[in-house]
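Structure first, then comments.
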Amino acid sequence: MVAQITEGVKVSVETTYQPEYSNPANEHFMFAYKVQIENLTDYSVQLLRRQWTIFDSNGTKREVEGEGVVGLQPVIAPGQNHEYVSGCNLKTDMGTMQGTYQMRRLVDTEVFDVTIPKFSLVAPFKMN
C-alpha cells in the first residue's frame with residue numbers, strides 16, 4: 001500500500017492483480033485498485049475531478065481524466081473518508097499509475113489539487 005498527504009487529505013492505494021479478468025496470451029492484464037481518501041482537515045471537502053497517468057512497461061503512457069470517481073463527487077466531512085474500487089488494464093504484466101484529485105473546500109470554495117501517489121501494478125508471477 002502507498003499513501004500520501006496533500007493539504008490535509010490523505011490518499012492511500014492498494015492494488016490487486018485480477019487473473020480471472022486477464023488474458024496474458026492476448027496482452028490483456030487487469031488490475032483492481034482500492035483508494036481510500038481521508039479528510040484530516042477541520043472542514044468538509046468535495047472531490048470534483050480526477051486525472052490519472054498510466055504507464056505500461058512497454059513504454060505506453062495514457063492520460064485519463066474526468067469528473068468525480070466511479071460516477072460520484074463525494075463530500076468528505078472532517079475526520080471521515082471515502083473508499084472506492086476501480087480497475088485498470090495494461091498490455092503488459094507490470095506498470096504504474098499516479099495522478100491528482102481536484103478538490104474544493106466547502107468553507108471557502110477554494111479549489112486545490114491532491115496528489116495520488118505513484119503505485120505499481122504488477123502481476124504476482126512477475127515477482128518470481
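- Heavy atoms only, all atoms of each residue included: Phe29 and Lys91 are closest at CE1-O, 3.5 Å.
- Ile5 and Val35 are assigned to two separate hydrophobic clusters, defined by single-linkage of ILVMFWY side chains at heavy-atom distances under 4.5 Å.
- To the nearest 0.5 angstrom, Asn39 atom CG is 11.5 Å from Leu47 atom CG.
- In this structure a side-chain-to-backbone donor-acceptor pair under 3.5 Å is present from Thr6 to Thr115.
- Within the structure, salt bridge (charged side-chain N to carboxylate O under 4.0 Å, His left out) contacts touching residues 108-118 (residues at least two apart or in different chains) are Arg105-Asp108, Arg105-Glu110.
- Between the side chain of Asn23 and the main chain of His28, no donor-acceptor pair closer than 3.5 Å is present.
- Heavy-atom neighbours of Asp42 CG from other residues, nucleotides or ligands within 6.0 Å: at or below the threshold of 12.
- Residue pairs meeting the salt bridge (charged side-chain N to carboxylate O under 4.0 Å, His left out) criterion with at least one partner in residues 72-88, sequence neighbours excluded, are absent.
- Under the 4.5 Å side-chain contact rule for hydrophobic residues, Ile116 and Tyr84 share a cluster.
- Closest non-hydrogen pair, Phe119 versus Leu121, comes out as CE1-CD2, 3.9 Å.
- Minimum interatomic distance between Ala77 and Ser44 (heavy atoms only, all atoms of both residues): CA-OG, 3.6 Å.
- Between atom CG of residue Asn89 and atom CZ of residue Phe31 there is a gap of 10.0 Å, rounded to the nearest 0.5 Å.
- Cluster partners of Phe55: none. The rule joins Ile, Leu, Val, Met, Phe, Trp and Tyr whenever side-chain heavy atoms lie under 4.5 Å apart, and it links nothing here.
- In this structure, Tyr101 OH and His82 NE2 are separated by 8.5 Å, a value rounded to the nearest 0.5 Å.
- When all heavy atoms of Pro117 and Val2 are compared, the pair lying nearest together is CG-CG2, 3.8 Å.
- Here the closest non-hydrogen pair linking Cys88 and Ile54 is SG-CG2, 3.8 Å.
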Contacts under 3.5 angstrom, residues 10-21 side chains, donor-acceptor by atom type, not counting sequence neighbours:
| unit_1 | atom_1 | unit_2 | atom_2 | d |
| --- | --- | --- | --- | --- |
| Thr15 | OG1 | Ser120 | O | 3.4 |
| Tyr17 | OH | Ser22 | OG | 3.4 |

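- In this structure, the separation between CD1 on Ile37 and CD1 on Ile76 is 5.0 Å, given to the nearest 0.5 Å.
- Atoms CZ and CD, on Phe112 and Gln102 in that order, are 10.0 Å from each other to the nearest 0.5 Å.
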Listing, residues 64-73 side-chain donor-acceptor contacts under 3.5 Å, not counting sequence neighbours, or none:
| unit_1 | atom_1 | unit_2 | atom_2 | d |
| --- | --- | --- | --- | --- |
| Glu65 | OE1 | Arg49 | NH2 | 2.8 |
| Gln73 | NE2 | Leu48 | O | 2.9 |

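- Two residues are said to be in side-chain contact when any heavy atoms from C-beta on lie closer than 4.5 Å; Lys61 and Glu63 meet this criterion.
- Heavy-atom minimum distance, Thr53 versus Gln51: OG1-NE2, 3.1 Å.
- In the hydrophobic clustering, Val75 connects to Leu106, either directly or through intervening members, whenever side-chain heavy atoms lie under 4.5 Å apart.
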